[in-house]
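The structure appears right after this line, and notes come after that.
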Amino acid sequence: MKIRKGVKHLVWRFARPVYRRMLRHEPQEFSIGVAIGDSPLALQLPASIANPVLTRHHVTDVPAMLVADPFMCHRDGRWYLFFEVLNHVRRKGEIGLAVSSDAVVWEYQRIVLAEPFHLSYPYVFEWQGTYYMIPEGSGSGAVRLYRAVKFPERWVLAGNLLEGKRYVDSSILRYRDKWWLFTDAGLDAKNPVLRLYFADELLGPWQEHPLSPIRQDPHFSRPAGRIVVVDDTPVRFTQDIYPVYGSSVSAFAITKLTQTDYEERPLSDRPILAAGSALWNGHGMHHVDAHIRPNGSWIACVDGLRSYEHAEHMAGMPVTDSEVLV
């Protein structure tokens with residue numbers, strides 16, 4: 001196995017055309033795009049933006065199979081984008097960084113976080129002047145909170161928020177003086193179970209909501225990006241993983257959120273993001289991180305799926321466990 005990994009790395013470094021031909025045999029490729037709109041529910045991919053803005057070919061420090069799950073933040077006049085880079089040699093995700101002055105044209109920097117287990121879905125947020133990240137790391141058996149000690153490049157483990165389950169795509173929200181955490185804690189990738197937790201302090205203690213799990217189905221349970229608040233109403237995004245993984249994103253308004261009650265309603269009878277006409281997202285889209293701009297419009301980083309098996313990649317395809325792909 002070590003010899004095989006070494007060969008892959010050497011091919012990537014010294015024979016890029018050969019390496020690209022090797023990747024043609026991979027079943028799928030995710031890339032990152034930028035969308036804009038009047039609301040996070042009406043996002044478009046305008047012709048004025050050269051989507052996709054980031055692909056695996058932009059990654060320069062590791063051999064990348066795909067880039068996906070983008071989250072961004074704005075600080076001191078610059079945009080910072082964190083996203084999964086699936087390392088072709090390790091067959092595990094790592095967290096990459098890109099920077100931009102306008103959130104449209106991005107420059108890849110480097111891998112900023114890697115662990116022995118797979119990482120993806122780097123949910124980055126700011127709290128009381130400090131930046132934190134909750135990447136998906138289900139192989140650790142915990143929801144792990146990282147703190148930036150030298151933003152944006154150096155991150156250290158601040159603590160585990162939850163332990164003891166397979167936690168996937170954990171999404172945090174600060175709302176009405178409490179912390180809320182939505183996470184897929186299903187036993188496997190094909191059967192997502194959305195659980196809800198709350199806490200007074202970021203590091204806990206965290207308590208499971210009495211109505212949790214709040215959803216158990218393959219279409220609307222697994223989180224799909226940052227929870228946003230629109231007109232004082234939290235909006236959560238969810239990805240459809242069946243029958244095709246990574247096919248679309250839907251939105252739900254959370255109409256009641258207290259320590260004892262939870263209610264939500266779909267905001268549309270159709271996905272807000274789905275397969276487009278371009279090659280890079282021709283088989284689906286499965287993630288959105290939307291931010292309001294000073295002029296009241298919204299800008300979002302998204303990702304798109306191009307399948308080399310005509311979208312037959314199912315949730316559950318093994319690499320080690322299927323969610324390690326994205």
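In what follows, residues are counted from 1 in the order of the sequence shown.
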Q. Just one of His209, Arg215, Glu208 clears the side chain to side chain donor-acceptor pair (under 3.5 Å) bar with Ser212, so which one?
A. Glu208
Q. Would Ile32 and Leu81 count as a side-chain contact (heavy atoms from CB on, under 4.5 Å) if you check the C-alpha gap in whole Å, the side-chain angles of each, and the deciding distance to 0.1 Å?
A. CA-CA 10 Å; Ile32 294 172; Leu81 185 70; 4.3 Å; yes
Q) Side-chain contact, heavy-atom cut-off 4.5 Å: Ile36 with Ser297? A) no
Q: Verify the distance criterion only: is there a donor paired with an acceptor across the side chains of Asp231 and Thr233 at less than 3.5 Å?
A: no
Q. For the residue pair Ala275 and Gly284, what are the closest heavy atoms and their distance?
A. CB-N, 3.5 Å
Q: Check whether any side-chain heavy atom of Ile241 sits under 4.5 Å from a side-chain heavy atom of Pro192, and report yes or no.
A: yes
**Q.** Test side-chain contact (heavy atoms from CB on, under 4.5 Å) applied to Gln239 and Tyr245, step by step
**A.** CA-CA 8 Å; Gln239 54 179 295; Tyr245 178 80; 3.5 Å; yes
(Q) Here's a test for you: under ring pair (Phe, Tyr, Trp, His ring centres under 6.0 Å), which of Trp179, Phe125, Tyr123 qualifies with Tyr132? (A) Phe125
Q. Is Arg110 salt-bridged to Asp61, cutoff N-O under 4.0 Å?
A. no
Q. Would a hydrophobic clustering, with Ile, Leu, Val, Met, Phe, Trp and Tyr connected at side-chain separations under 4.5 Å, put Ile227 with Leu41?
A. no
Q) Where is the tightest heavy-atom contact between Val53 and Trp106, given as atom of each residue plus distance? A) CG2-CD1, 3.7 Å
Q.
Measuring only between side-chain heavy atoms, which start at C-beta, is Leu45 closer than 4.5 Å to Met285?
A. yes
Q) Take atom CG in Asp38; do more than 12 heavy atoms of anything else shown fall under 6.0 Å from it? A) no
**Q.** Stepwise side-chain contact (heavy atoms from CB on, under 4.5 Å) test for Leu196 and Leu211
**A.** CA-CA 8 Å; Leu196 173 61; Leu211 298 182; over 6 Å; no
Q) Which atoms form the tightest heavy-atom contact between Ala185 and Tyr167, and what is the distance? A) CB-CD2, 4.2 Å
Q: Kindly state whether the ring of Phe151 and the ring of Tyr80 have centres lying under 6.0 angstrom apart.
A: yes
Q) Within 45° of the axis and under 6.0 Å from the centre of the six-membered ring of Phe237, does NZ or CZ of Arg226 qualify? A) no
Q) Near Arg154 CZ, under 6.0 Å, is it more than 12 heavy atoms from other residues, nucleotides or ligands? A) no
Q. Does the side chain of Tyr121 pick up a donor-acceptor pair with the side chain of Ser171 at under 3.5 Å?
A. yes
Q.
Can you tell me which residue among Tyr175, Phe198, Trp206, Tyr197 is in a ring pair (Phe, Tyr, Trp, His ring centres under 6.0 Å) with Trp180?
A. Phe198
Q. Side chains of His118 and Glu136: closer than 4.5 Å at any heavy-atom pair?
A. yes
Q. Does the side chain of Leu203 come within less than 4.5 Å of Leu145's, by heavy atoms?
A. yes
Q) When you look at Arg144 and Glu115, which way does the salt bridge (Lys or Arg N to Asp or Glu O under 4.0 Å) test go after all the steps? A) CA-CA 12 Å; Arg144 292 162 64 95; Glu115 294 283 12; 3.2 Å; yes
Q | Cluster overlap Leu162 with Val193, hydrophobic side-chain contacts below 4.5 Å | A | no
**Q.** Separation between CG of Leu194 and CG of Asp169, rounded to the nearest 0.5 Å
**A.** 10.5 Å
Q | Same apolar cluster: Leu161 and Leu173, side chain cutoff 4.5 Å | A | yes
**Q.** Stepwise side-chain contact (heavy atoms from CB on, under 4.5 Å) check, Glu126 with Arg75
**A.** CA-CA 10 Å; Glu126 183 269 336; Arg75 177 182 177 180; over 6 Å; no
Q. Of the non-hydrogen atoms in Asn281 and Ser277, which two are nearest, and what is the gap between them?
A. OD1-N, 4.3 Å
Q.
To the nearest 0.5 Å, what is the distance between CZ on Arg176 and CG on Leu257?
A. 8.0 Å
Q) Does a donor on one side chain sit under 3.5 Å from an acceptor on the other, for His291 and Asp289? A) yes
Q. How long is the span from the CG atom in Leu86 to the CG atom in Leu119, to the nearest 0.5 Å?
A. 11.5 Å
Q: Check whether Leu267 and Phe220 end up in the same hydrophobic cluster, where Ile, Leu, Val, Met, Phe, Trp and Tyr are linked by side-chain heavy atoms less than 4.5 Å apart.
A: no
Q: Indicate yes or no: at least one non-hydrogen side-chain atom of Ser221 is less than 4.5 angstrom from one of Asp184.
A: no
Q) Centroid-to-centroid, His286 to Phe30, below 6.0 Å? A) yes
Q: Nearest 0.5 Å please: distance from the CZ atom of Phe182 over to the OG1 atom of Thr238.
A: 11.5 Å
Q. Would Leu202 and Tyr146 show up in the same hydrophobic cluster when neighbours are defined by side-chain heavy atoms closer than 4.5 Å?
A. yes
Q | Heavy-atom donor-acceptor pair, Arg166 side chain to Gly186 backbone, under 3.5 Å | A | yes
(Q) Are Trp155 and Phe82 an aromatic pair, judged by ring center distance below 6.0 Å? (A) yes
Q: Using distance alone, with no hydrogens and no angle criterion, decide if Ser170 and Thr183 have a side-chain donor and acceptor under 3.5 Å apart.
A: yes
Q. What distance separates Gln44 CD from Trp298 CH2, expressed to the nearest 0.5 Å?
A. 16.0 Å
Q) Just how far is it from atom CG of Asp69 to atom NE2 of His287, taken to the nearest 0.5 Å? A) 5.5 Å
Q.
Tell me the closest heavy-atom pair linking Met72 and Ile299, and the distance in Å.
A. CE-O, 3.8 Å
**Q.** Sidechain-backbone polar pair: Gln207 side chain, Pro205 backbone, donor-acceptor under 3.5 Å
**A.** no
Q.
With a 4.5 Å cut-off on side-chain heavy atoms, are Val230 and Pro40 touching?
A. yes
Q | Pairwise side-chain contact, Met133 with Leu113, heavy-atom cut-off 4.5 Å (strictly under) | A | yes
Q: Mind listing the closest non-hydrogen atom pair of Asn87 and Glu94 along with its distance?
A: ND2-OE2, 3.3 Å
